[in-house]
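One structure is given here, and the rest of the page talks about it.
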Amino acid sequence: MVIKKFLGNFRKVILQNVREKVLAEEYFKIIKNLKIKKNIKILDYGSGFEPEIILNLYTILKKKNFKPEIICCDFYNFQQLSKLNNNTKKIKFVNLKDLEDIKKFDVSILSDVLHHVGVEKKEIDIIFKKLLKNSKFTILKDQFETNFFTRSILRIMDFIGNYYNNVEIPKKYFTKHGLEKKLKILKINITKKFTSISIYPRYFLFFSNPKLQFIYILSK
């Protein structure tokens, strides 16, 4: 409990939601360039319990005269859904099991979700197929490992950012070759690639390495 409390406070005081603000801006740029209608429908898949990215994105979209309809989904229980929906009237939160009843979306977003599922698990294939079936575009934000050192860096980052929320720390991350091979097998198109994304300030040293971060825009 002490460690989790410390990590939670460290994340808020030191990191100050820098990652969330940067990614929200990046997602807006992508959405703007996709030239999607102003009445945009967005799905945040695996949104978690602190959906700061999507809240920041909602604010940006509203300022730019969009009319966003956003649904966030994850493995929420009844109490969690009540709290999230009461605290945030702008966005609707649902359990993943209820996602089948929801209409189609213009854009679905996967923000650092799949490495927590497990990059070698078949569940990822199911997620890809489901999102691409129900969305015109899927924005995939995740992380690449290139060797044992970069994998260790990513695991430390996940420990700092997610352990206090009881999120399982991954043992592996995507490699560029492995991910693109998977997408090819699934017949998913990579519409655009954004690599070497600067999310953290340089004073975070190894942890701020932009080469660890990527965004792919996917389509059927």
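What you see is a predicted model; the values in this text were computed from it and never measured. These numbers come from the heavy atoms of this one structure, side chains and all, not from hydrogens, waters or symmetry mates.
- In this structure, the side chains of Phe214 and Leu179 come closer than 4.5 Å at one or more pairs of heavy atoms.
- Looking at heavy atoms from C-beta onward, Val117 lies in side-chain contact with Ile127 at the 4.5 angstrom threshold.
- Minimum interatomic distance between Gly48 and Leu84 (heavy atoms only, all atoms of both residues): O-CD1, 4.5 Å.
- Atom NZ of Lys193 sits in a crowded spot, with more than 12 heavy atoms from other residues, nucleotides or ligands closer than 6.0 Å.
- Ile54 has its side chain within reach of Cys72: a pair of non-hydrogen atoms, C-beta onward, lies under 4.5 Å apart.
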Dump the intermediate steps for side-chain hydrogen bond (donor to acceptor under 3.5 Å, both in side chains) on Ser111 and Tyr27, then the final yes or no. CA-CA 10 Å; Ser111 283; Tyr27 294 163; 2.5 Å; yes
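- Stacking of Lys90 on the aromatic ring of Tyr58 is not recorded, the 6.0 Å distance cut-off and the 45° axial limit not both being met.
- For the pair Asp142 and His115, the minimum side-chain heavy-atom distance is below 4.5 Å.
- Within the model, atoms CG of Asp112 and CZ of Arg19 stand 4.5 Å from one another, a figure rounded to the nearest 0.5 Å.
- In Lys63, the NZ atom is not crowded: 12 or fewer heavy atoms of neighbouring residues, nucleotides or ligands sit closer than 6.0 Å.
- Looking at heavy atoms from C-beta onward, Phe128 lies in side-chain contact with Leu140 at the 4.5 angstrom threshold.
- Interatomic distance, Ile91 CD1 to Ile71 CD1, rounded to the nearest 0.5 Å: 10.5 Å.
- Aromatic pair Phe174/Phe144: ring centres not closer than 6.0 Å.
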Begin with the C-alpha distance, continue with both residues' side-chain angles, and end with the deciding distance and a verdict on side-chain contact (heavy atoms from CB on, under 4.5 Å) for Ile153 and Asn209. CA-CA 10 Å; Ile153 290 295; Asn209 183 357; over 6 Å; no
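- Of the possible donor and acceptor atoms, none in the side chain of Arg151 sits under 3.5 Å from a partner among the backbone N and O of Tyr173.
- Ion pairing of Glu145 with Lys172 is absent here, as no side-chain N (NZ or NE/NH1/NH2) approaches a carboxylate O to less than 4.0 Å.
- Looking at heavy atoms from C-beta onward, Val119 lies out of side-chain contact with Pro170 at the 4.5 angstrom threshold.
- When the side chains of ILVMFWY residues are joined at heavy-atom separations under 4.5 Å, either directly or via intervening members, Ile190 and Ile188 end up in a single hydrophobic cluster.
- When all heavy atoms of Arg155 and Ile169 are compared, the closest pair comes out as O-CG2, 3.8 Å.
- Side-chain contact between Lys92 and Val94 is present, with heavy atoms from C-beta onward closer than 4.5 Å.
- Of all the heavy atoms in Phe75 and Asn95, the pair that sits closest is C-ND2, 4.1 Å.
- Asn147 CG to Thr175 OG1: the interatomic distance, rounded to the nearest 0.5 Å, is 11.5 Å.
- Here the CG atom belonging to Asp74 is positioned 8.5 Å from the CD atom belonging to Gln80, to the nearest 0.5 angstrom.
- There is no path of hydrophobic side-chain contacts, each under 4.5 Å, that joins Ile126 to Leu183.
- Using a 4.0 Å cut-off between charged side-chain N and carboxylate O, Glu123 and Lys130 make no salt bridge.
- Shortest non-hydrogen contact noted between Ser196 and Lys211 is OG-CG, 3.6 Å.
- Within a 6.0 Å radius of NZ in Lys182, other residues, nucleotides and ligands contribute more than 12 heavy atoms.
- In this structure, Ile53 and Asp44 have side chains that are not in contact, with every pair of non-hydrogen atoms separated by 4.5 Å or more.
- With values rounded to the nearest 0.5 angstrom, Leu212 atom CG is found 7.0 Å from Gln143 atom CD.
- At least one donor-acceptor pair under 3.5 Å links the side chain of Asn85 to the backbone N or O of Phe93.
- With salt bridges taken as basic N to acidic carboxylate O contacts below 4.0 Å, one links Asp106 and Lys136.
- Under the 3.5 Å distance criterion, the side-chain polar atoms of Lys141 are left unmatched by any main-chain donor or acceptor of Val113.
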Is there a side-chain contact (heavy atoms from CB on, under 4.5 Å) between Ile109 and Ile42 once you walk through the steps? CA-CA 8 Å; Ile109 298 174; Ile42 299 173; 3.9 Å; yes
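- If you take OG1 on Thr138 and OH on Tyr216, they are separated by 15.0 Å, rounding to the nearest 0.5 Å.
- In summary, the aromatic rings of Tyr76 and Phe49 are positioned with their centroids under 6.0 Å apart.
- Salt-bridge annotation for Glu25 and Lys29: absent, with no side-chain N of the basic residue lying under 4.0 Å from a carboxylate O of the acidic one.
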Carefully, step by step, assess Leu218 and Asn189 under the rule side-chain contact (heavy atoms from CB on, under 4.5 Å). CA-CA 6 Å; Leu218 309 177; Asn189 297 316; over 6 Å; no
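- Closest approach of Ser198 and Val22 over heavy atoms only: O-CG1, 3.7 Å.
- Residue Phe149 is grouped with residue Met157 when hydrophobic side chains (ILVMFWY) are merged at heavy-atom distances under 4.5 angstrom, including chains of intermediate members.
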Audit row: Ile217, Phe194, side-chain contact (heavy atoms from CB on, under 4.5 Å) steps and yes/no: CA-CA 8 Å; Ile217 304 174; Phe194 299 92; 3.7 Å; yes
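- Nearest heavy atoms, Ile40 versus Phe66: CG2-CD2, 4.1 Å.
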